[in-house]
Every structure is written in structure tokens, then in C-alpha cells.
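What follows is a short report on a single structure.
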Amino acid sequence: MKKLSELLAEYHKTDECLVGYNFNDVWDVQAICEAAERKNVPVMLMAYTKVVDALGLDVLHAIVACMKKRYSVPVYLHLDHCDDITLCLQAVDVGFDSVMFDGSHMPLEENIKLTKQVVDYAHAKGVVVEAEIGKIRGRGVDGDDYLAAVSDVVQLAEQTGVDMIAVGIGTAHGHYEGKPEINFDRLLEIHKAVDVPLVLHGGTGIPEQDIRRSLTMGISKINVGTAIHTAYMQNLGQQIQLDGLDAYPPFTIKKILPQVEKEVANYLEMVD
Ligand code: 13P
């Protein structure tokens, strides 16, 4: 399997883009990998710390290790939005391909200092690190101070040697109310100022033309979560009503995986 750092470097040069999907269990992992295999593209599986708390780093790593063997496309495992240094380092030790240290809510100096600690540890073991500057809106993050300052991104990039940077440019986690307002001018300024792959968070609901436009401005990874868990839970809820509460879980869950897979495939098409 190609190393994630090599893939990102290649995508950074060619305006191609990796899609990272938040996953919650072994079923949605399967749907995500199936869609990637069908399309024959690499894919990233991203665990929020809530999922780590529920299942453990070792279990998540073991699930994804099995999927890496089962599928022919590269499958990368990533720890998403973690502000706990210890957990980031543990994920590196367990064998994650990538970890995100999210110090976006900290003063810049603190964010840089802690990101650098994670980078130093992770790079020694060949693991990729994502950092964040500015804020991703939604899920309790509101207010107007979300926009990433170009000078902050430059400072963080230069002082940490981080592999990819999530930038606050107006996107939000969760479902958008209305059309997302993305500050493409700021994205372009950042892209021109740093030679680092950039990450677009809050992928759910961003129109295709906006996604495609962002790829020409340094975005090398897009994160998608809500679209997948919504497809999973809504379809499962409906299927349980049809099958009855005494239904056998694997049969009922398997019936709805094609719908989850379809949602995954939508985003793979958009970056194609
Ligand atoms: P959505 O859940 O809005 O798609 O965002 C996912 C994300 O950015 C994870 O880091």
C-alpha cells in the first residue's frame, strides 16, 4: 500500500483529492470500503474520539487492518479532531496511518507547540499529522472568528512541519442551513502562501461545484461524516420498522448498506 504521505504529496501536485469518511462501526466501514473498491480509489476511515472512547483504539485498528487485507484499494486509518496529546501518541503507537491534533481552540503559540510535539513523535514512526487553523463551524462552534488567518497558517506550517492543515473558511460540521458560504478568496490566499496539502472539513452538503473549485485551491482531502451516519441511521430505523423489533440484526443491517454505500459513492464522484 502506498504510504499516505506519498499519496498526499501526489494529490497536492495534481489537484486530486482523498475523501475521509467518519465511521462508527464495522458496518459503515464495510460500506465505505465497498464504495471505494467499486470506484478503485484510495479511501480514509476517520474515527472521532467519541468512537475511540466507545470501542478503543485497538479494536478500531483491528477492524481496519482486516479491511486493508480484504480490499485491493489503499485504506488509511485516521484519528479525527483530537486535542488530547496522549491519545494522539497512543494512536500512533497502535498503528494509525494519520492523526489530527486539533488545537484550533487554543492560542496560536499553544496550538503550534502541541502540534509540533505530535509531529515529532508521529514522523519518527512514519505517521502523518493534520493540524487545524481557524475553526470549523457548527456543532456548538458559532461566532465570527472562524476564518483562518493566512499568517497563522504560514507560522504553523513553518514551525511544525505538519503534513496537512484543516482551514476554517466557513464550512461547518453537520447539515447546513441553506447554502454553505465558503470563503474561496481566503482559501486561495492560504494555498498561495503555504506548500502544504489543505483539508476541507464539513463536507456533507457542500455543492459539487464548490467541492470541485476547492480542489483547484490546494484542498487534497475532504472530510465527510454526517451524510454517512444520517444515511445509516435513517435507513436502519425504517428497515427495523419493516422487519420488526425481533429481526435478526445482521440481516436487517445488511439490507441498508447499499444506501450507505450510495452516499459514500456520491462524494467519491464529486472529487473524480
Ligand atoms: P460533516 O459531518 O459535516 O460531513 O463533517 C465531517 C468532518 O469534517 C469531520 O472532520
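Keep in mind that the numbers below use all heavy atoms, side chains included, and drop hydrogens, waters and symmetry copies. Just so you know, ligand 1 is whichever comes first in the structure, and atom 1 is the first atom listed for that ligand.
Using a cutoff of 4.0 Å between basic side-chain nitrogens and carboxylate oxygens, Glu189 and Arg186 are scored as salt-bridged.
Below 3.5 Å of separation, one finds an N or O of Gly202 facing an N or O of ligand 1. Considering backbone and side-chain atoms together, Gly225 places an N or O closer than 3.5 Å to an N or O of ligand 1.
The nearest heavy-atom contact from the protein to atom 7 (C) of ligand 1 is His173 CD2, 3.3 Å. The protein atom (non-hydrogen) at minimum distance from atom 3 (O) of ligand 1 is Gly174 N, 2.9 Å.
With a 6.0 Å radius and a threshold of 12 heavy atoms from other residues, nucleotides or ligands, Glu6 has its CD atom above the threshold. Heavy atoms from other residues, nucleotides or ligands lying under 6.0 Å from CD of Glu181 number 12 at most. Counting heavy atoms of neighbouring residues, nucleotides and ligands inside a 6.0 Å radius, atom CD of Glu177 does not exceed 12 of them.
Residues Leu87 and Thr49 meet the side-chain proximity criterion, which asks for heavy atoms closer than 4.5 Å.
Here Thr204 has heavy atoms under 4.0 Å from ligand 1 in both its backbone and its side chain. The part of His81 lying near ligand 1 is the side chain, judged by heavy-atom distances below 4.0 Å. Neither the backbone nor the side chain of Ile136 has a heavy atom within less than 4.0 Å of ligand 1. Of the heavy atoms in Ala227, none comes closer than 4.0 Å to ligand 1.
Ligand 1 has at least one atom lying under 4.0 Å from a heavy atom of Ala172.
With Glu269 as the fixed residue, the salt bridge (charged side-chain N to carboxylate O under 4.0 Å, His left out) test singles out one of Lys262, Arg212, Lys39: Lys39.
Using cut-offs of 30° and 60° on the angle between ring planes, the pair Phe96 and His61 is parallel. Between His81 and Tyr48, the ring-plane angle classifies as parallel under the 30° and 60° cut-offs.
Here is the list of ligand 1 atoms found below 4.0 Å of a heavy atom in Tyr48: 6 (C), 7 (C), 9 (C), 10 (O). Every atom of ligand 1 with a heavy atom of Gly203 under 4.0 Å away is listed here by number and element: 4 (O), 5 (O). Listed by atom number, the atoms of ligand 1 under 4.0 Å from Thr226 heavy atoms are 1 (P), 2 (O), 3 (O), 4 (O). Close contacts between ligand 1 and Asp80 involve ligand atoms 9 (C), 10 (O) [criterion: under 4.0 Å to a heavy atom].
Each of Met100 and Leu114 belongs to its own hydrophobic cluster when Ile, Leu, Val, Met, Phe, Trp and Tyr are linked at side-chain heavy-atom distances under 4.5 angstrom.
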